[in-house]
Amino acid sequence: QVQLVESGGGLVEAGGSLRLSCAASGLTFSDYHMGWFRQAPGKEREFVAAIRWSGFDTDYADSVKGRFTISRENAKNTVWLQMNSLKPEDTAVYYCAARLRYKIGVEYDYWGQGTEVTVSS
C-alpha cells in the first residue's frame, strides 16, 4: 500500500532552520505531484508548497515564500521541505501529500501522518 512517511520535525528557536523529509513507497513516485501542508492548533490545514512530478515547477504559500524551499529526487522517492528563518507562526504539524499527475483536479490522493514543528520565540 502507499505510504508517505515524514520526518525531520522538532523544536527550533525563531530564526532557525529545519529540513523535513517525506519518503514515499508503494507508488510510482514520478507519477505524482507532491505537496506540503500544515495544520496549526485550532486552525484548518493549509497549503505550504508543491512541486510538480518533474521537479521543474514549484508553488508556495505567500507566508513562506523566500523562506521555504521544496525539492524532490525521484530516484530516491523523496521530497523535502527546507525551512529557513522560522517564525513562531510556522508552528504546526506538517504533512506531505501526493497527487496523481494524470488526473484532473487538485485534490491530493495520499497523505502522510505528519511531523510536528515547534518554533519557540
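Quantities reported herein were computed from a predicted structural model and do not represent experimental measurements. Numbers here are sequence positions counted from 1.
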Same apolar cluster (I L V M F W Y, side chains within < 4.5 Å links), [X]/[Y]:
| X | Y | result |
| --- | --- | --- |
| Trp111 | Val93 | yes |
| Tyr60 | Val119 | yes |
| Tyr102 | Leu27 | yes |
| Leu11 | Leu86 | no |

Met34 side chain near Leu4 side chain, heavy-atom distance below 4.5 Å = yes
ask   = Are any of the side-chain heavy atoms of Leu20 and Val117 separated by less than 4.5 Å?
value = yes
Which distance, rounded to the nearest 0.5 Å, do you find between the [atom1] of [X] and the [atom2] of [Y]?
| X | Y | atom1 | atom2 | value |
| --- | --- | --- | --- | --- |
| Thr91 | Lys43 | OG1 | NZ | 10.0 Å |
| Glu89 | Ser121 | CD | OG | 10.0 Å |
| Thr115 | Leu18 | OG1 | CG | 8.5 Å |
| Thr58 | His33 | OG1 | NE2 | 13.0 Å |

Note: [X]-[Y] ion pair, threshold 4.0 Å (strictly below):
| X | Y | result |
| --- | --- | --- |
| Arg38 | Asp90 | yes |
| Lys65 | Asp62 | yes |
| Glu107 | Arg99 | no |

Flag, side chain of [X] to backbone of [Y], donor-acceptor distance under 3.5 Å:
| X | Y | value |
| --- | --- | --- |
| Arg67 | Gln82 | no |
| Gln39 | Glu44 | no |
| Ser54 | Phe56 | yes |
| Asp109 | Leu100 | yes |

ask   = If every non-hydrogen atom of Ser17 is compared with every non-hydrogen atom of Ser85, which pair is closest and at what distance?
value = OG-N, 4.3 Å
message = So which atom in Ser71 and which in Ile51 form the shortest heavy-atom distance, rounded to 0.1 Å?
response = CA-CD1, 3.8 Å
query = Which pairs, with at least one residue in residues 41-121 and sequence neighbours excluded, count as a disulfide (SG to SG under 2.5 Å)?
reply = Cys22-Cys96
ask   = With under 30° as parallel and over 60° as perpendicular, where do the rings of Phe68 and Tyr94 fit, or are they tilted in between?
value = tilted
inquiry  = Tell me whether the count of non-hydrogen atoms from other residues, nucleotides or ligands lying under 6.0 Å of CD in Gln113 goes above 12.
reply    = no
Side-chain atoms of residues 73-81: list all donor-acceptor pairs with protein atoms under 3.5 Å, sequence neighbours left out, distances to 0.1 Å.
{"from": "Asn74", "atom 1": "OD1", "to": "Arg72", "atom 2": "NE", "distance (Å)": "2.8"}
{"from": "Asn74", "atom 1": "OD1", "to": "Arg72", "atom 2": "NH2", "distance (Å)": "3.1"}
{"from": "Asn74", "atom 1": "ND2", "to": "Trp53", "atom 2": "O", "distance (Å)": "3.0"}
{"from": "Thr78", "atom 1": "OG1", "to": "Lys76", "atom 2": "O", "distance (Å)": "2.7"}
{"from": "Trp80", "atom 1": "NE1", "to": "Ser21", "atom 2": "OG", "distance (Å)": "3.4"}

remark   = From the list Trp36, Phe37, Tyr95, ring pair (Phe, Tyr, Trp, His ring centres under 6.0 Å) partner of Tyr108 resolves to Phe37
